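Since this is a predicted model, take the numbers as computed values, not measurements. Both counts, for ligands and for their atoms, begin at 1 and track the order of listing.
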Amino acid sequence: MVISASNPPLTDTQKLVLMYGGTFDPIHNGHLRSALELTQVLPVMKVHLIPCQLPPHRGQPGASPQDRLAMLRLAVDPEPLLQADDRELQRPGPSWSIDTLAELRKEYGPEQPMAMVLGWDAFLGLPTWSRKERLLEMAHLIVIARPGQEKPASQELLNLLSRNEVRAGEALNSQPAGRILRLALPSAMQVSATYIRRLLAQQTSVRYLLPDAVIDYLLSQGLYCPSHDSEQE
Ligand code: ATP
């Protein structure tokens, strides 16, 4: 399908459903601005922002699943296309993306174009993921450039890209799954949750790196500050 000005607008069933997973420990403007800009540069029906229960590829998060979800909900509250989705927190054990994609695929049906969104750093870790060869059967991948995270891809990932990469976003709307799109979004941000946690541990302001409502919440709950961390140990 070629989309041009003369084509009729896409229906919801032709638009992309995006799965944007993460630890969101905490959610920040790098995640939020990327999610919003994806809805501005691609025909998107909905973005499911999905905090993971136990990240399979890293250590324990600093905040509880309930707090990470509460912060995500506060952050996306004003944006109709962004949805805080707690499905991985409802499942016991590690959160495998392939299981989450399978659930979404079941809900939206076999024809709905669907994509998993991940930053370049997360994409570099893909070879270690569970049942990775099935990901592209279930969805497209949208890989977002992330300033400061520019390590080269392994040969395995370069091969995957050479087999599946498309250059135009519209290609993702013409089939349900199987393509990879690399995108540099307009407001690429270097912010990371690690940096935010470090600032909070030093009791330094994090204003303008994440929404005020999230900052108010994490300060009121004493999250990520040294005394809270030692209480948890
Ligand atoms: P941490 O610093 O704790 O590792 P993080 O900031 O990388 O956290 P995650 O929750 O681990 O955040 O990331 C979830 C997803 O969002 C990943 O795919 C990651 O690549 C992507 N992401 C995180 N920060 C940004 C950013 N600033 N710009 C674009 N993508 C981002």
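The ligand atoms of ligand 1 that sit less than 4.0 angstrom from a heavy atom of D121 are 19 (C), 20 (O). Residue T194 approaches ligand 1 through these ligand atoms, each under 4.0 Å from one of its heavy atoms: 1 (P), 2 (O), 3 (O), 4 (O). Ligand-side atoms of ligand 1 in range of S192: 2 (O), 6 (O), range being under 4.0 angstrom from any heavy atom. The ligand atoms of ligand 1 that sit less than 4.0 angstrom from a heavy atom of G21 are 14 (C), 15 (C). Of all the atoms in ligand 1, the ones that sit under 4.0 Å from a non-hydrogen atom of A193 are 1 (P), 2 (O), 3 (O), 5 (P), 6 (O), 8 (O). Every atom of ligand 1 with a heavy atom of R197 under 4.0 Å away is listed here by number and element: 3 (O). Of all atoms in ligand 1, numbered sequentially from 1 with element shown, those under 4.0 Å from a heavy atom of S34 are 28 (N), 29 (C). Set against the non-hydrogen atoms of G22, the atoms of ligand 1 under 4.0 Å away are 10 (O), 14 (C).
Using a 4.0 angstrom heavy-atom cutoff, H28 counts as in contact with ligand 1. Remark: distances from the non-hydrogen atoms of W120 to ligand 1 are all 4.0 Å or more.
Across Q149, Q190, M189, heavy-atom proximity to atom 27 (N) of ligand 1 is greatest for M189.
D25 and Y224 share a donor-acceptor pair across their side chains, judged by distance under 3.5 Å alone. For the 3.5 Å distance criterion, the side chains of S95 and Q53 fail to qualify, holding no donor opposite an acceptor. There is no side-chain donor-acceptor pair under 3.5 Å between T13 and Q112. Checked by atom type, the side-chain pair R91/T100 shows a donor-acceptor distance below 3.5 Å.
From L69, atom CG reaches atom CD of E88 across 11.5 Å, with rounding to the nearest 0.5 Å.
In summary, the aromatic rings of Y208 and H28 are positioned with their centroids too far apart to meet the 6.0 Å limit. Checked against the 6.0 Å centroid threshold, H31 and F24 count as a close aromatic pair.
Of all the heavy atoms of L118, the ones lying under 4.0 Å from any atom of ligand 1 are found in both the backbone and the side chain. No part of Y195 comes within 4.0 Å of ligand 1, judged by heavy-atom distances.
Side chain of N164 to main chain of L160: a donor-acceptor pair is present (N/O by atom type, distance under 3.5 Å, no hydrogens or angles).
In this structure, E79 has no side-chain hydrogen bond (donor to acceptor under 3.5 Å, both in side chains) partners at least two apart in sequence or on a different chain.
Polar contact with ligand 1: absent for I144 (N/O pair, distance under 3.5 Å).
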